[in-house]
Amino acid sequence: MTDATLPQHPFGTEITANDIVKQMQAANGWEDRYRTVIQLGKKLPALPETFKHEELKVSGCESQVWLAHEAQDGQFHFMADSDARIVRGLITLVLAAYEGKNAEEIRAFDIDTYFEQLGLIAHLSPSRGNGLKAIVEQIKTLAN
C-alpha cells in the first residue's frame, strides 16, 4: 500500500449489490447482462498509476488486475482496475458487494448466491470465472 489515498467510487455506496442484482435480473438475456456489466465498468474510476505495481496485482487473473485497499475505523475500502473492459465491469460487481464492510461482514457475505442471482458465471469463460474468484479470495484474505 502506498501513502496515496484511494479514489472514491460509487460501488457499495450509491450502487449496491442489491441494485446490481435488480438490474441484472431485469436484463433480457446474456447480451443485455454483458452490456450492463460493461456500463458498470465505465463508472469505475481508473486506479492511479501509483497503485499499479506487482504487490497489488491479483494472481490468477488472465487480464491484469490491481486491487488496493485501506481500512478505516474497521471498514474496508477497496479500489481495483484492469486492462480489460469486461473485467472492469466484473470488478464493479465485487466492489458493490464488499465496499465499506467490516471483516465479519466480508466473511459472512454469500458471494456464490450473489453471483448466482446475477446470472453471469455460466456465461463467463473458465479463466474469467477463476479470475473473478481470485479477486474475491484476495478481498477475503485482506479482511482476515
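Hydrogens, waters and symmetry mates are skipped; everything else that's a heavy atom, side chains included, is used. Bear in mind the structure is a predicted one, so any value in this text is a computation, not a measurement.
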* Can you tell if the side chain of Glu99 reaches within under 4.5 Å of the side chain of His77, non-hydrogen atoms only? -> yes
* Looking at side-chain heavy atoms only, is the closest gap between Ile91 and Val65 below 4.5 Å? -> yes
OG (Ser127) and CG (Leu132) are apart, to the nearest 0.5 Å, by 11.5 Å
Check: Leu118 main-chain N/O paired with Arg33 side-chain donor or acceptor under 3.5 Å: yes
ask   = Quick one: does Ile111's side chain get under 4.5 Å of Phe115's, heavy atoms only?
value = yes
_Student check: side-chain heavy atoms of Asp81 and Phe51 closer than 4.5 Å_ = no
query = With a 4.5 Å heavy-atom cut-off, do Gln8 and Thr13 have their side chains touching?
reply = no
Smallest heavy-atom separation, Cys61 atom then Ile135 atom, equals SG-CG1, 4.1 Å
Worksheet item: Under 3.5 Å, is there a donor-acceptor pair linking the side chains of Asp19 and Thr16?
Response: yes
To the nearest 0.5 Å, atom CG of Asn28 lies from atom CD of Glu31 at 11.0 Å
Start with the C-alpha distance between Val58 and Trp66, add both sets of side-chain angles, then the distance that settles side chain to side chain contact (heavy atoms under 4.5 Å, CB included), and finish with yes or no. CA-CA 6 Å; Val58 177; Trp66 299 270; over 6 Å; no
query = Is the number of heavy atoms from other residues, nucleotides or ligands within 6.0 Å of CD (Glu104) greater than 12?
reply = no
Minimal heavy-atom distance between Leu124 and Gly129, with the atoms involved, is CB-N, 4.2 Å
*Do Thr36 and Leu40 come close enough that some side-chain heavy atom pair is under 4.5 Å?*
yes
Fill in: N/O donor-acceptor pair under 3.5 Å between Gln75 side chain and Gly100 backbone
yes
Check your understanding: Are side-chain N/O atoms of Arg107 and Asn144 paired as donor and acceptor at under 3.5 Å?
Key -> yes
* I would like to know whether Gln138 and Ser59 meet side chain to side chain contact (heavy atoms under 4.5 Å, CB included); could you show each step before the answer? => CA-CA 9 Å; Gln138 190 155 335; Ser59 61; 5.5 Å; no
The reported gap from CZ in Phe78 to CG in Leu95 (rounded to nearest 0.5 angstrom) is 8.5 Å
Closest heavy-atom pair, Phe11 versus Ala96, reported as atoms and distance to 0.1 Å, is CB-N, 3.8 Å
To the nearest 0.5 Å, atom CG of Leu142 lies from atom NE2 of His69 at 4.5 Å
For Lys52 and Leu47, the nearest pair of non-hydrogen atoms, with its separation, is CE-O, 3.3 Å
**is_close_aromatic(Phe76, Tyr98), centroid dist under 6.0 Å** = no
Value for CD1 (Ile121) from NZ (Lys133), rounded to nearest 0.5 Å, stands at 6.0 Å
With side chain to side chain contact (heavy atoms under 4.5 Å, CB included) as the criterion, how do Glu62 and Asn130 come out once you've worked through the C-alpha distance, each side chain's angles and the decisive distance to 0.1 Å? CA-CA 9 Å; Glu62 186 176 285; Asn130 290 337; over 6 Å; no
Quick note, ring pair (Phe, Tyr, Trp, His ring centres under 6.0 Å) partners involving residues 124-144, not counting sequence neighbours, are none
* Arg35 vs Ile38 side-chain heavy atoms within contact, under 4.5 Å -> no
Tightest non-hydrogen contact, residues Glu105 and Lys101, listed as OE1-CA, 3.3 Å
CG (Leu93) and CG (Leu120) are apart, to the nearest 0.5 Å, by 6.0 Å
Looking only at heavy atoms, the pair that brings Ser63 and Arg128 closest together is OG-NH1, 3.1 Å
Would one find more than 12 heavy atoms of other residues, nucleotides or ligands at under 6.0 Å from atom CD of Gln25? yes
**Q.** Donor-acceptor pair between Lys57 and Gln64 side chains, under 3.5 angstrom
**A.** yes
